[in-house]
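Below you'll find the structure, written out as structure tokens, and then a few comments.
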Protein chains: 2
Amino acid sequence: MAEQKEEVFYGTVLIKAKEIMDFILESRVSPTLKEISENVDMTKSTVLKILKTLEHCGYVRRTEDAKQYYLGTMFLAYAQKVNHTFDIRQITMPHLATLVSEIEETVNLGIVENQQITLLDKIESNSTVYLVARVGGQMHMYSSSMGKAILAEYSDDEISRYVSATSFEKLTPNTMTDISSLIEDVGKVKKRGYAFDNEENQPDIFCVGFSLCKNNHIYGAFSVSMPKYRASEEKIANIIEEGKKIQAKILSEL
Amino acid sequence: MAEQKEEVFYGTVLIKAKEIMDFILESRVSPTLKEISENVDMTKSTVLKILKTLEHCGYVRRTEDAKQYYLGTMFLAYAQKVNHTFDIRQITMPHLATLVSEIEETVNLGIVENQQITLLDKIESNSTVYLVARVGGQMHMYSSSMGKAILAEYSDDEISRYVSATSFEKLTPNTMTDISSLIEDVGKVKKRGYAFDNEENQPDIFCVGFSLCKNNHIYGAFSVSMPKYRASEEKIANIIEEGKKIQAKILSEL
DNA sequence: CGTTTTTTTGCAATTTACGCAACGTTCTAG
DNA sequence: CTAGAACGTTGCGTAAATTGCAAAAAAACG
């Protein structure tokens, strides 16, 4: 009987603080103490005390009337460091920029993190209105073109470890939630060298994904995303051609 | 006897976590557990447990060999939200970009945070090699052109509150550490409408700062910074002229 | 292969934090 | 203008999390 292996973590305060900051992150408008405490399921006093500490740390700020909370600028410094640490970004983004100008669709850069794809950066083309994901956001490997491109770089062992550790969720009618069709698709990607996301992650969004791997090291992946109606056969062919070129150029610099 | 009013904060774990993350931030290379524990003055076991929680939260990651720690991509999401919250940035940056192209020197955008100037963003000109400050970094109000530009918007009351709450540090030979000369300088700024930093914050760096205030609300400030040797009289005159124009344009949109 | 260095685990004392309830303050309505 | 409600803040006792020690495990080194 596979009991849900409930890992124990220290720092309950930290996790609570994260919940609070994540709630502020998700809120469309800066929330009040009451709103936060209701949504993260803690008493107002607890939330207030954590918020005070967070404020002292520079992680949250409050509006002049001290009613609403929003995220602090300390994160700008952290994020800059992150961007510097992940220098894949510096190497890849210039190339991806040329790719955008060539094909006039949004290009995304992602890395693998905790069995998921984290969107490191993206360049939107002029014609884009569709929001695929926010920078810093995450998506599943099994439902995204970048994820499947990377899965195709895994050994059979790694793939089976991934699928057994993952619970599949049907995000759209097209999402592959059964292991066999996912493995079949990944097999195709291995032969082709690129992956598709045919409205599997988000309705109406079609993506072509390319991995960025060299010397058995997975640096990340990039993808081109567009609304389904613009994904004509000739366009896809063009994207594959240009994408492969860019992929080769990036790999030569990694 | 003015006893150091030691404010009590809850969430000691949070503050310790911040110390750890800040140490990682400051480190040139990703530090190991040992290095962290030595520098933040906590036992290794404590640091390890906090790091595990931080890792779980997505705030830190470790290298493949699990030895070195670095900041996680979660901060990219937070930072993006911060940038969105501070929409001054979106309004000002286009104008500051034109300013950069006109005068060919680095332009900085800052906001007031906790009696200090936080650098929100900057645009470096081609000719720049000098590093004034990193985005997300902070500088004193008394030693920076942006700070003094904002001090000039304060009432006499607010200024005296600021100086009494501040301990002045001589960062360079030119730093104004006595209250009288600072107040005198701020008085000049009030009349002129712009502030100078004549190597007061960093040797060899000269800045001209402009405040961004409207309806008694302080949105922030911007400055032009350059190496001292390029700060000729005619150049300064040009910066003042163009800076004032840009300041007016930005204010009309705030 | 033994020795040293570093990372990880378990544990019990101590410290810290949680939420209750009461208080202050601000907003709302009659 | 006053009463009442709603929200934010504070203090405190108990309950729970955290700390650092010491010891084990793992890795690095010669």
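Every heavy atom of this structure was used, including side-chain atoms; hydrogens, water molecules and symmetry mates were not.
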| query | Okay, side chain of B:Q116, backbone of B:E113: is any donor-acceptor separation there less than 3.5 Å? | reply | no

| note | Among D:dG20, C:dT8, D:dT9, the one nearest any side-chain atom of B:T46 is D:dG20

| field | Under 4.0 angstrom between B:K52 side-chain N/O and C:dT9 OP1 or OP2 | value | yes

| message | Using 30° and 60° as the class boundaries, would you call the ring planes of A:H140 and A:Y142 parallel, tilted or perpendicular? | response | parallel

| Nearest heavy-atom pair of B:T92 and B:L212: which atoms, and what distance? | CG2-CD1, 3.9 Å

| query | Angle class for the A:F168/A:Y162 ring planes (parallel below 30°, perpendicular above 60°, tilted otherwise)? | reply | perpendicular

| Separation of A:L51 atom CG from D:dT10 atom P, in whole Å? | 13 Å

| field | Sorted by number, the residues of residues 19-45 of chain B with heavy-atom contact under 4.0 Å to DNA chain C | value | B:T32, B:L33, B:K34, B:K44, B:S45

| Are the side chain of A:S144 and the backbone of A:G147 linked by a donor-acceptor contact shorter than 3.5 Å? | yes

| message | Run the salt bridge (charged side-chain N to carboxylate O under 4.0 Å, His left out) test against A:K18 and tell me which residues pass, sequence neighbours left out. | response | A:D22

| query | Taking CG from A:D65 and P from C:dT25, how many angstroms apart are they, rounded to a whole number? | reply | 17 Å

| Rounded to whole angstroms, how far apart are CG on A:L48 and P on D:dC12? | 17 Å

| field | For atom CD1 of B:I15 and atom P of D:dT18, their distance in whole Å | value | 15 Å

| task | Compute the bend angle of the helix from C:dC1-D:dG30 to C:dA22-D:dT9 from the end axes (five pairs per end), rounded to 10°. | result | 50°

| Whole Å only: how far is the CG atom of B:L14 from the C1' atom of C:dT16? | 12 Å

| Can you check the B:K49 NZ to D:dT19 P distance for me, whole Å? | 8 Å

| task | Map A:A66 and A:V13 onto DNA chain D by nearest heavy atom, then report which one ends up closer to the 5' terminus. | result | A:A66

| request: Decide if atom CG of A:D178 counts as having more than 12 heavy atoms of other residues, nucleotides or ligands within a radius under 6.0 Å. | output: yes

| query | Is a donor on one side and an acceptor on the other found under 3.5 Å between the side chain of A:T63 and the backbone of A:Q68? | reply | yes

| request: Ignoring backbone atoms, test whether A:K16 places a side-chain nitrogen or oxygen under 4.0 Å from the OP1 or OP2 oxygen of C:dC18. | output: yes

| said: Between P on C:dT6 and OH on B:Y69, what's the gap in Å once rounded to a whole number? | reply: 14 Å

| query | To the nearest angstrom, how far is A:Q68 atom CD from C:dT26 atom P? | reply | 17 Å

| task | Taking only the side-chain nitrogens and oxygens of A:K67, find out if one of them lies under 4.0 Å from OP1 or OP2 of C:dC27. | result | yes

| query | How are the rings of B:Y78 and A:F75 set to each other: parallel, tilted or perpendicular (split at 30° and 60°)? | reply | tilted

| said: Looking at A:R62, I'd like to know whether one of its side-chain N or O atoms comes within less than 4.0 Å of OP1 or OP2 on D:dT9. | reply: yes

